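Values below: all heavy atoms of this structure, side chains included; hydrogens, waters and symmetry mates excluded. Note that the structure is predicted; figures quoted are calculated from it, not measured.
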Amino acid sequence: MTLHLPRPHGRHRAVDKVHKLEAENAKLACALVTARTAIDVLTAECKRVEGQLDTAGIALTGAWSDLDKAVTEIRRLQQQHGDDAITIARLRRELHNARPRISVVATTAERPMAPDSVPLTYQTVKEVA
């Protein structure tokens with residue numbers, strides 16, 4: 001914003017210089033107000049971003065904690081899997097060793113009979129009636 005004033009000659013040049021300085025002062029005051037407004041906007045934006053960073057930092061800390069817990073659980077399960085494989089192999093060996101062995105035994109096999117039983121003979125239907 002520039003003011004165009006007529007230029008006096010002679011002694012009145014000081015008045016012209018004062019008007020010029022006042023105009024420049026008004027221009028600088030407008031620029032100062034604009035700069036302060038921009039600073040306020042940037043300060044608010046900075047505070048908002050700091051809040052978001054705090055929230056993200058808290059979430060990130062929680063995620064790292066969850067990751068550490070998951071890694072610990074995975075390692076525990078891997079160890080348990082290895083232990084279970086060893087236990088299964090041991091149980092298979094014990095089961096194999098505990099199975100009865102079929103072997104030939106020399107015996108005289110006789111049909112078991114009750115002492116008072118009489119062996120049945122073949123009878124036809126006519127003989128029974």
Next item on the list: Please round to the nearest 0.5 Å and tell me the distance separating atom CG of Asn97 and atom CZ of Arg92.
Entry: 14.0 Å
Margin query: Please determine whether a side-chain nitrogen of the Lys or Arg among Glu45 and Arg48 lies less than 4.0 Å from a carboxylate oxygen of the Asp or Glu.
Written below: yes
Next item on the list: Only one of Leu32, Thr34, Val33 passes side-chain contact (heavy atoms from CB on, under 4.5 Å) with Arg36; say which it is.
Entry: Leu32
Item checked: Shared hydrophobic cluster, Val71 / Trp64 (ILVMFWY, side-chain heavy atoms < 4.5 Å) -> yes
Check: How many angstroms lie between atom CG of Asn25 and atom CG of Leu21, to the nearest 0.5 angstrom?
Finding: 8.5 Å
Checklist line | Inter-residue atom distance Thr61.OG1 - Asp66.CG, 0.5 Å rounding | finding: 11.0 Å
Check: Measuring from Leu53:CG to Ile58:CD1, what's the distance to the nearest 0.5 Å?
Finding: 11.0 Å
Next item on the list: Measure the CD1-NE2 distance between Ile86 and His81 for me, rounded to the nearest 0.5 Å.
Entry: 10.5 Å
Next item on the list: Can you measure from NZ (Lys20) to NZ (Lys17) and round to the nearest 0.5 angstrom?
Entry: 8.5 Å
Next item on the list: Tell me whether Leu77 is reachable from Leu67 by hopping between hydrophobic residues (I, L, V, M, F, W, Y) whose side-chain heavy atoms are closer than 4.5 Å.
Entry: no
Notebook entry, point to check: Has Arg90 got more than 12 heavy atoms of other residues, nucleotides or ligands less than 6.0 Å from its CZ?
Noted result: yes
Notebook entry, point to check: Hey, are Arg76 and Gln80 close enough side-chain-wise for a donor-acceptor pair under 3.5 Å?
Noted result: yes
